[in-house]
Number of protein chains: 2
Amino acid sequence: MSHISRPVKAIRNQENADARRERWRGHRQARRAEFVEAAVRAIGTYGAEVGMDDIAAEAGVSKPVLYRHFSDKSDLYLAVGEWGTKLLMERIKPALEEGGSARERIRRIVSTYLSVIEEYPELYRFVVRRNFADRPVHTDPVSTEKTIIANSLSRLLGEYLRSLDLDSGGVEAWSHGLVGMVQASGDWWLERHSMSRDDLTDYLTKIIWFAIDGVLRSGGVVLDPDEPLEFPPDLELVEGEGPR
Amino acid sequence: MSHISRPVKAIRNQENADARRERWRGHRQARRAEFVEAAVRAIGTYGAEVGMDDIAAEAGVSKPVLYRHFSDKSDLYLAVGEWGTKLLMERIKPALEEGGSARERIRRIVSTYLSVIEEYPELYRFVVRRNFADRPVHTDPVSTEKTIIANSLSRLLGEYLRSLDLDSGGVEAWSHGLVGMVQASGDWWLERHSMSRDDLTDYLTKIIWFAIDGVLRSGGVVLDPDEPLEFPPDLELVEGEGPR
DNA sequence: GGTAGCTGTTACTTCTGGTAACACGCAACG
DNA sequence: CGTTGCGTGTTACCAGAAGTAACAGCTACC
């Protein structure tokens with residue numbers, strides 16, 4: 001079992017001086033990315049319940065090729081999740097860097113999030129509603145992605161609170177909670193579309209601001225939600241601590 | 001195809017006067033419940049990734065028997081979800097009826113929720129983290145259960161706001177959001193246990209109160225979170241409008 | 001020239017949700 | 001009474017998708 005012929009993914013970390021390995025490094029990454037994109041396309045076409053065969057077909061290859069680049073279905077799914085998270089973060093980033101008041105910032109982030117899930121509903125469902133009860137928890141793409149976002153928020157919020165000398169003990173819980181809140185609302189909205197995106201954005205912005213405002217007030221800090229914030233916006237992906 | 005021999009679940013709504021059908025009514029319900037409980041037990045034993053065979057074995061029967069009572073895996077899962085929701089609501093109900101201040105009530109609900117998921121972690125994972133991307137959305141047990149809870153909250157909150165003559169347009173979004181927030185935090189906590197249940201309860205209570213307080217304030221109503229509430233607590237399951 | 005690391009294929013195994021086809025028991029019905 | 005309807009249960013199978021085995025060819029390093 002240990003001597004499979006030419007295992008692509010069995011990357012031995014040892015200093016294998018053979019340049020024949022190095023030659024392919026870049027290519028392998030490119031191929032993986034190519035397959036992820038094919039998967040995204042396939043999801044758009046067939047919906048969230050695509051099979052590996054379909055994805056392989058979409059990529060123009062047969063299944064085993066796929067399995068040379070992804071150890072597993074979950075592995076692929078995880079990669080797709082990363083792709084989505086990256087997309088989301090790229091969209092959110094400019095929304096953040098633009099500055100503005102607290103309320104404006106919140107509003108832009110929420111609005112951006114809703115736009116993205118509205119634009120890629122199938123992908124969204126695929127990533128966020130498909131779970132892997134048959135896998136160890138820490139490999140679950142969804143919680144991984146959510147955790148990454150929540151951790152970013154956590155860091156941002158934590159730094160902010162600490163800069164104001166406030167207790168930041170609840171920051172992690174709150175971050176995960178807020179992320180969950182937006183996700184759940186978005187989920188609900190996506191299925192129903194019972195209000196306009198703008199309205200939902202307003203409501204969510206409101207309640208998020210209320211929550212943050214409450215935390216600040218309880219620490220004795222009163223902030224005008226419409227006053228421009230000078231706090232440096234450096235929301236970045238913090239992969240540091242995944243789920244478990 | 002239309003004339004399968006003796007299909008249990010093909011209940012013809014027509015007035016079939018034959019008493020031979022009626023004789024079994026109660027029994028069938030009892031059996032279903034029995035199987036659901038077996039499923040719950042099996043989930044506890046084997047974890048969230050149980051197969052139908054295991055569940056059947058746990059119930060002491062073979063698979064086809066199971067399939068006479070549940071059309072589908074999702075059908076069983078849905079029933080398990082209902083079982084869990086019922087359990088949760090039964091625990092929450094007394095916590096609500098006890099009255100007390102707003103903060104106390106919030107705290108009790110959150111605390112109860114966390115206790116329950118801590119007590120049935122496998123069941124929780126099974127119900128909440130397992131999804132059905134291969135099924136139409138509206139049959140998804142998770143969103144069904146979450147929706148039921150959110151709807152209950154929605155009604156409660158809506159009535160409350162309306163009784164104060166406040167705008168209740170965001171109530172649905174907020175309810176789904178709050179439910180999602182608690183769920184996400186609980187999820188995160190369950191995987192890590194990086195703080196005590198009491199601490200998490202405190203943090204969540206805080207932020208939920210802030211959110212509600214903000215909504216009230218923005219409508220010109222100021223409420224002392226520690227003042228006893230006289231509002232009648234009648235949180236009930238509102239199945240009215242499931243997902244989609 | 002030999003070999004490592006890719007490219008790719010077809011055809012298989014495995015696992016599991018779900019079904020077909022059978023046989024029996026018991027009470028209602030005529 | 002025998003028949004019929006509805007439940008009990010079984011074993012053995014089907015179907016579909018994840019994942020693997022075993023093959024073969026190409027190119028660049030050694």
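Residue numbering restarts at 1 for every chain, and letters A, B, ... go by the order of the sequence lines. The structure displayed is predicted, hence computed values, not measured ones.
Pairing each heavy atom of A:W189 with each of A:M195, the nearest pair is NE1-O, 2.9 Å.
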Under the side chain to side chain contact (heavy atoms under 4.5 Å, CB included) rule, what do A:V182 and B:M181 come out as? Steps first, then yes or no, please. CA-CA 8 Å; A:V182 173; B:M181 180 163 95; over 6 Å; no
Which is it for B:Y46 and B:E122 under the side chain to side chain contact (heavy atoms under 4.5 Å, CB included) test, yes or no, and what are the steps along the way? CA-CA 9 Å; B:Y46 299 100; B:E122 288 301 335; over 6 Å; no
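The shortest distance between the side-chain N/O atoms of B:R31 and the OP1/OP2 oxygens of D:dG9 is below 4.0 Å. Proximity of B:S62 to the phosphate of D:dG9: no side-chain N or O atom is located under 4.0 Å from OP1 or OP2.
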Between N or O atoms, less than 3.5 Å apart, protein on one side and nucleotides 12-18 of chain D on the other: list the pairs.
residue	atom	partner	partner atom	Å
D:dA18	OP1	A:M52	N	3.4
D:dA18	OP1	A:K73	NZ	3.0
D:dA18	OP2	A:M52	N	3.0
D:dA18	N7	A:K63	NZ	3.3

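Evaluation of atom-type donor-acceptor distances gives a pair under 3.5 Å for the side chain of B:R68 against the base of D:dG9.
A straight line from CD of B:E34 to P of D:dT8 spans 9 Å, rounded to a whole angstrom. Distance CD (A:Q29) to P (C:dG5): 17 Å, rounded to an integer number of Å. As a whole-Å value, the separation of A:R28 CZ from C:dG5 C1' is 9 Å. In this structure, B:I55 atom CD1 and C:dG17 atom C1' are separated by 11 Å, rounded to whole Å.
Taking the six-membered ring for Trp and the full ring otherwise, A:Y77 and A:F70 have centroids separated by 6.0 Å or more.
Across D:dG9, C:dT9, C:dT7, the shortest atom-to-atom separation from the side chain of A:H69 is found for C:dT7.
Between A:H69 and A:F35, the ring-plane angle classifies as perpendicular under the 30° and 60° cut-offs.
Applying the salt bridge (Lys or Arg N to Asp or Glu O under 4.0 Å) test to every pair with at least one member in residues 38-47 of chain A, sequence neighbours left out, gives these pairs: A:R41-A:E58.
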